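Working notes, structure below.
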There are 2 protein chains.
Amino acid sequence: MSAPTIRAVAELAGVSIATVSRALSHPDKVTDATREKVLAAVKATGFIPNRQAVDFRRRSTGNVVLLVRDISNPFYLDIYRGVEEHAYANGYRVLMGDAGHDDQRILRYVEMVRNRQADGLILMTGRVPEAIHSAPLPPIVVSLELVDGVRLPTIAIDNRAAAALAINYLVGLGHSRIAHITGPMTDVMPRQRHEGYRAALAAAGLPVDPALTVHADFHYEGGQRAVEQLLSGAAAFTALFCSNDEMAVGAINALRARGLSVPGDISVVGFDDIVFATASDPPLTSVRQPRREIGRASMAMMIDLLEGRADPANAILPVELVERASAAPCTVNARRALLR
Amino acid sequence: MSAPTIRAVAELAGVSIATVSRALSHPDKVTDATREKVLAAVKATGFIPNRQAVDFRRRSTGNVVLLVRDISNPFYLDIYRGVEEHAYANGYRVLMGDAGHDDQRILRYVEMVRNRQADGLILMTGRVPEAIHSAPLPPIVVSLELVDGVRLPTIAIDNRAAAALAINYLVGLGHSRIAHITGPMTDVMPRQRHEGYRAALAAAGLPVDPALTVHADFHYEGGQRAVEQLLSGAAAFTALFCSNDEMAVGAINALRARGLSVPGDISVVGFDDIVFATASDPPLTSVRQPRREIGRASMAMMIDLLEGRADPANAILPVELVERASAAPCTVNARRALLR
DNA sequence: CTGTTAGCGCATTCAA
DNA sequence: TTGAATGCGCTAACAG
């Protein structure tokens, strides 16, 4: 009843188990004739190598941990798919973990690598705890984010350019007072998007009014609160750039709750192009990141790392602006809001 | 440099490796004195058991596959969290996979269990391929769904009662013409919700008009299309029950696109209470499933199964109706829609 | 209660 | 090119 082992194959093929192992793992180190004999015996017995034994012997696990900033963000689902697809195609498995802004949680996943429960770590968190340096770093790929002070293989987008893309679009629509709701500024990625916002305004010869930047947390309610704060401030604006879509949807609903029309009074552009960007009312114009591809590329880089292939080169993936209906030309109507 | 093994601990403690193993795995099978000696040596050497060796020897992997109906549904993120938390706390790891309505994908995950890459399978898909029966079933827990024809340990909610909860609520608001947008009727779970809908109407003494039921697919666009279909039909209605929130949001947007007000003209109730239920406009009234708890309970049942504890009893978890703003009393205004 | 012994299934030396 | 022998790190009989 138990599965056939390499021994059964060896017996049937009339060779040693070493030869069977070689015929399967290093086909070129064996004569054509014996390889065929072995393969036939493999088929006849229905032999499937015991992955656990293989991994144990090779001192690898085939597991890779995908550690994300906030697992409740649907954004990461597509990332996961990309990672998982490429992993599966190459015989790896993916364990997704939630960093949850908690150093302990991050360390616990690093421990998994040290305990031989996983081979490497794909980090999609904005930070790593100091304690991670208490031992040699495991194989790590950093994706979407950058970590201050450590140089690691990275898959990312150009966050500055991506933010500028959104701003230039709004400027092209005639907007000159553009507000920005940021993510947590303790992290590099939200800071970069903010820099892109400022740089694009400056490049367009527009003033950068600090009162038009509000810091938030990437969540729905944070977007709502940020709008309240903007609206209760003295500075007027006709457009709003949000560093992710979840905040943008919150912002839109808060604007409408205050009786403002989107995009009639205020244009809104988000970031990420999550599923619910289409579902919001109005459908959200947003900067799309190639999520699936980011996941795929991250896993590919991890495999390069694990299998010792030439230094993986960092990669910057392209983004695009998806035009929907939440941004419109700056109108007279909107100017009223501006002059409010 | 390489990690200390059990041998180093044995040497330091002055006992055999078997005793070290026992002191750690079966503490009650050694004397207090030796246990303390061993534990001290463990601490001194910094020994951490090599999980791979342990699992290899025990012929278990510590991996559990969570196979979901559609990984792009944010609903499953909280499920995953529940599963993962309980798994981690008990030394297990979770691999999430996407069934994607594809028998091949499902079989491929079943194969993972047979190849000793995982110990068991938590199924959150509406169906299992026939081919699964070509070999003895691996340890399986079915959650949220029921699979026709196989009796397996199950964690679920009472879908009929949950649907009835929504319908009774709408009836209580004075609605008598209530439409229903279902999920894919090939699966048991959507059928049960539909039965609940019919039963609740009948129990309230209301007619069940087949023209008011439209079959869809649990997706946003499906919800939109279903509303188009309802609106172009002859049968009028003042309320709408959707078998999940994603469709409900699509439905609301489609209703508003047709110039109908929610809940002014039509009341809408969804199912699942996903994050974006709050974010829709108006915020969606919905039946909430205890996602995290469902995940936790599923993993707990899986562990019982794997560790051979007494037959795990099936569990039915409670749901609740979360009242927001998408449903309102049936008004004169709404009656107009009814009489349209 | 503890130590000795014998593997788990495979990859990889080393000789032949 | 192949086979015999060794051991990865640990658990689980079995004796003592």
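This is a predicted model, so every value here is computed, not measured. Naming convention: chains lettered A, B, ... in sequence-line order (proteins, then strands); numbering from 1 in each chain.
Separating the CZ atom of A:Arg58 from the P atom of C:dC10 is a distance of 11 Å, rounded to the nearest angstrom. As a whole-Å value, the separation of A:Gln117 CD from D:dG9 P is 16 Å. Per the geometry, CZ belonging to B:Arg7 stands 12 Å off C1' belonging to C:dT4, to the nearest Å. In this structure, A:Arg57 places its CZ atom 17 Å from P of D:dA5, rounding to the nearest Å.
Between B:Ile17 and B:Asp28, the residue whose closest nucleotide on DNA chain C is further toward the 5' end is B:Asp28.
In this structure, CD1 on B:Ile155 lies 9.5 Å from CG on B:Leu144, to the nearest 0.5 angstrom.
When heavy atoms are screened at a 4.0 angstrom cut-off, A:Ser21 is found touching base atoms of the nucleic acid. Residue contacts shown for A:Val20 are absent, as no nucleic acid heavy atom lies under 4.0 Å away. At a threshold of 4.0 angstrom between heavy atoms, the contacts of A:Arg59 are confined to the sugar-phosphate backbone, with no base atom among them.
Applying the side chain to side chain contact (heavy atoms under 4.5 Å, CB included) test between B:Pro139 and each of B:Leu305, B:Val64, B:Ile122, B:Leu121 identifies B:Leu305 as the sole match.
Using a 4.0 Å cut-off, no side-chain N or O of B:His26 falls inside it from OP1 or OP2 of C:dC1. At least one side-chain nitrogen or oxygen of A:Thr34 sits closer than 4.0 Å to the OP1 or OP2 atom of D:dT2. Remark: A:Thr31 is in phosphate contact with D:dT2, judged by side-chain N or O atoms under 4.0 Å from OP1 or OP2. Of the side-chain N and O atoms in B:Thr19, none sit less than 4.0 angstrom from OP1 or OP2 of C:dC1.
Near DNA chain C, defined here as any heavy-atom distance below 4.0 Å, the residues from residues 45-55 of chain A are A:Phe47, A:Pro49, A:Asn50, A:Ala53, A:Val54, listed numerically.
Distance alone, capped at 3.5 Å, is enough to place a donor-acceptor pair between the B:Arg105 side chain and the B:Asp98 backbone. One N or O on the side chain of A:Asn63 and one on the backbone of A:Gln117 form a donor-acceptor pair closer than 3.5 Å.
Using a 3.5 Å distance cut-off with no hydrogens or angles, the side chains of B:Thr61 and B:Asp119 do pair a donor with an acceptor.
Checking D:dT2, D:dG3, C:dA11 against every side-chain atom of A:Val15, the shortest atom distance belongs to D:dG3. When the nucleotides C:dA11, D:dC8, D:dA12 are ranked by their closest atom to the side chain of A:Ile6, C:dA11 comes out on top.
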Checklist entry - What's the verdict on salt bridge (Lys or Arg N to Asp or Glu O under 4.0 Å) for B:Arg114 and B:Glu111, showing C-alpha distance, side-chain angles and the deciding distance? => result CA-CA 5 Å; B:Arg114 299 205 168 125; B:Glu111 275 314 304; 3.7 Å; yes
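More than 12 heavy atoms of other shown residues, nucleotides or ligands fall within 6.0 angstrom of atom CD in A:Glu293.
Checked by distance alone, B:Arg22 brings a side-chain donor or acceptor within 3.5 Å of a matching partner on the base of C:dG3.
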